[in-house]
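Here is the structure we will look at, set down as structure tokens.
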Amino acid sequence: MKGYIHSLESFGTVDGPGVRYVVFFQGCPMRCLYCHNPDTWKPGEGTLMDTEEIIASMDRNRAFYATGGLTATGGEPLLQLPFLTELFEKAKAQGIHTCLDTSGVTFRADSPDYLKKAERLLKATDLVMLDLKHIREDEHKSLTGHSNKNILDFARYLDSHRVPLWVRHVAVPGITFDRDSLFSLGIFLGSLKNLKAVEVLPYHSMGKVKYDNLGLQYPLCDTRQLTKEEARTAYEIILDGIENVTHTRFLSHYT
């Protein structure tokens, strides 16, 4: 089986625990205003690779991944679900830790066929890093072009299947950096028993150069970057929401 791959990173340190081999899948249905990988949007582009090629490429530096593993990111890996599943199953067969970095937007709770495929994937998945863009429906549509219903359903599905979950949230001035939204996000996260970590990523505009190179207009050209201090504040507000539900202080980190 072959899949469309945008690129490979040999020594990733921000895409899951430890040092990781990172596979960037090509294709994504979302159009997040702050996306820093617009070159991964179009499906059917990139390099066609089979799963054996990817595993063999990783094996060249296998010793470096002893405390890490393999991460599938993108783009949106779930757009190529059969290929992703085969890749993770082969990795697990070799004792490689597997991490899925996803928005969850393609999840379909109302499709028995999709759920059967998702369950097979999750059996070979050690960790899911879920990018929750915005907790509020209307704002999520404005930010990404899509509803967040499938994404929240996916988070609940992972919880019901006890798949360890890390949540990442980009704090953007004027969009996601407000107390009510952050606290509401914490309330939702507090309902998930599989939650292991939360990251707040401060918005930056470093992806603008890619838009320029692709001849695209950068949507947030007038938006200032978030400071690390503001990211810490956002993180604390989310934790307050979690604590409001669980009555325990959630131990995690922010970037």
Side-chain angles (χ1 to χ4, degrees), residues 1 3-28 36-37 39-40 46-47 49-104 118 120-132 154-155 158-159 161-170 189 192 194-202 204 206-207 228 231 235 250-255:
M1 185 178 297
Y4 288 95
I5 302 302
H6 174 270
S7 57
L8 303 169
E9 182 179 344
S10 297
F11 302 106
T13 58
V14 295
D15 300 285
V19 178
R20 309 193 68 82
Y21 190 77
V22 186
V23 183
F24 290 84
F25 281 58
Q26 182 71 28
C28 183
H36 58 274
N37 288 323
D39 46 338
T40 67
T47 303
M49 300 185 70
D50 61 41
T51 53
E52 293 291 349
E53 286 180 271
I54 294 174
I55 296 296
S57 178
M58 180 180 181
D59 278 341
R60 297 189 190 108
N61 298 294
R62 184 72 173 272
F64 289 96
Y65 309 119
T67 60
L70 173 71
T71 295
T73 185
E76 177 47 67
L78 290 177
L79 275 184
Q80 302 183 64
L81 181 54
F83 178 77
L84 172 64
T85 301
E86 181 178 295
L87 176 63
F88 273 20
E89 287 178 342
K90 288 185 177 179
K92 288 300 296 176
Q94 295 191 27
I96 298 171
H97 182 277
T98 55
C99 173
L100 170 62
D101 180 11
T102 177
S103 72
R120 177 180 169 184
L121 170 66
L122 294 182
K123 288 179 180 178
T125 304
D126 292 307
L127 174 68
V128 172
M129 298 180 71
L130 184 63
D131 296 317
L132 282 176
F154 186 53
L158 294 172
D159 188 33
H161 284 69
R162 300 181 179 180
V163 179
L165 176 67
W166 287 16
V167 166
R168 296 201 289 191
H169 181 69
V170 180
L189 296 181
L192 304 176
N194 62 332
L195 185 65
K196 303 300 180 184
V198 175
E199 279 186 280
V200 171
L201 306 175
H204 61 74
M206 288 186 286
K228 288 187 176 182
Y235 173 74
F250 184 77
L251 298 179
S252 184
H253 61 283
Y254 75 98
T255 300

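All values below come from the heavy atoms of this structure, side chains included, with hydrogens, waters and symmetry mates left out. Residues: numbered from 1 along the sequence shown.
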**Q.** Verdict with reasoning, Val22 to Leu8, per side chain to side chain contact (heavy atoms under 4.5 Å, CB included)
**A.** CA-CA 6 Å; Val22 186; Leu8 303 169; over 6 Å; no
Q: Would you sort out whether Phe11 and Asn61 count as a side chain to side chain contact (heavy atoms under 4.5 Å, CB included), showing the intermediate values?
A: CA-CA 9 Å; Phe11 302 106; Asn61 298 294; 3.9 Å; yes
Q. Which heavy atom in Ala155 sits nearest to a heavy atom in Leu130, and how many Å separate them?
A. CB-CD2, 3.8 Å
**Q.** salt bridge (charged side-chain N to carboxylate O under 4.0 Å, His left out) partners of Asp50, counting only residues at least two apart
**A.** Lys2
When the side chains of residues 62-81 are checked against the rest of the protein, which donor-acceptor pairs come out under 3.5 Å, sequence neighbours left out?
| from | atom 1 | to | atom 2 | distance (Å) |
| --- | --- | --- | --- | --- |
| Arg62 | NH1 | Asp59 | OD1 | 2.9 |
| Arg62 | NH1 | Gln94 | OE1 | 3.2 |
| Arg62 | NH2 | Gln94 | O | 2.7 |
| Tyr65 | OH | Ser10 | O | 2.3 |
| Thr71 | OG1 | Asp15 | O | 2.6 |
| Thr71 | OG1 | Arg20 | NE | 2.5 |
| Thr73 | OG1 | Asp101 | OD2 | 2.9 |
| Glu76 | OE1 | Thr102 | OG1 | 3.1 |
| Glu76 | OE1 | Ser103 | N | 2.9 |
| Glu76 | OE1 | Ser103 | OG | 3.0 |
| Glu76 | OE2 | Leu78 | N | 2.9 |
| Glu76 | OE2 | Thr102 | OG1 | 2.7 |
| Gln80 | OE1 | Tyr4 | N | 2.8 |
| Gln80 | NE2 | Tyr4 | O | 2.9 |
| Gln80 | NE2 | Gln26 | O | 3.1 |

Q) For Pro164, what residues pass the side chain to side chain contact (heavy atoms under 4.5 Å, CB included) criterion, not counting sequence neighbours? A) Leu127, Lys196
(Q) Restricting to non-hydrogen atoms, name the atom on Gly16 and the atom on Cys99 that form the minimum distance, rounded to 0.1 Å. (A) CA-SG, 4.5 Å
Q: Check ring-ring contact (aromatic ring centres under 6.0 Å, His included) between Phe88 and all other residues, then give those that pass, not counting sequence neighbours.
A: none
Q: Taking side chain to side chain contact (heavy atoms under 4.5 Å, CB included) as the test, write out the residues that go with Asp126, two or more places apart.
A: Lys92, His97, Thr98
Q: Any chance you could measure Leu195, atom CG, to Leu165, atom CG, to the nearest 0.5 Å?
A: 5.5 Å
Q: Mind checking side-chain hydrogen bond (donor to acceptor under 3.5 Å, both in side chains) for Thr51 and listing every partner two or more places apart, or none if nothing turns up?
A: Glu86, Lys90
Q: Look up atom CG in Leu87 and atom CE in Met58, then write down how far apart they are to the nearest 0.5 Å.
A: 9.5 Å
Q | Other residues, nucleotides, ligands: >12 heavy atoms within 6.0 Å of Arg168 CZ | A | yes
(Q) Quick check: do Asp39 and Phe24 have side-chain heavy atoms less than 4.5 Å from each other? (A) no
(Q) According to side chain to side chain contact (heavy atoms under 4.5 Å, CB included), who are the partners of Thr47, at least two apart in sequence or on a separate chain? (A) Met49
Q: List in chain and number order the residues that pass side-chain hydrogen bond (donor to acceptor under 3.5 Å, both in side chains) with Glu9, two or more places apart in sequence or in another chain; answer none if no residue qualifies.
A: none
Q: Could you pull out all residues at least two apart from Thr13 that satisfy side-chain hydrogen bond (donor to acceptor under 3.5 Å, both in side chains)?
A: none
Q: Could you tell me whether the side chain of Val167 reaches within less than 4.5 Å of the side chain of Asp131, counting heavy atoms only?
A: no
Q) What closest approach, in Å, do Phe154 and Gly104 show between heavy atoms, and which atom pair accounts for it? A) CD2-CA, 3.7 Å
Q) What pairs with His204 under side chain to side chain contact (heavy atoms under 4.5 Å, CB included), at least two apart in sequence or on another chain? A) Met206, Gln225
Q) What distance do His169 atom NE2 and Tyr235 atom OH have between them, rounded to the nearest 0.5 Å? A) 14.0 Å
(Q) As an exercise, state the distance from CG of Asn37 to NE2 of His6, rounded to the nearest 0.5 Å. (A) 6.5 Å
Q: State the CE-CH2 distance between Met129 and Trp166, to the nearest 0.5 angstrom.
A: 6.0 Å
**Q.** Any Lys123 side-chain heavy atom under 4.5 Å of Glu89 side chain
**A.** no
Q. Residues two or more places apart in sequence or in another chain: which of them pass side-chain hydrogen bond (donor to acceptor under 3.5 Å, both in side chains) with Asn194?
A. none
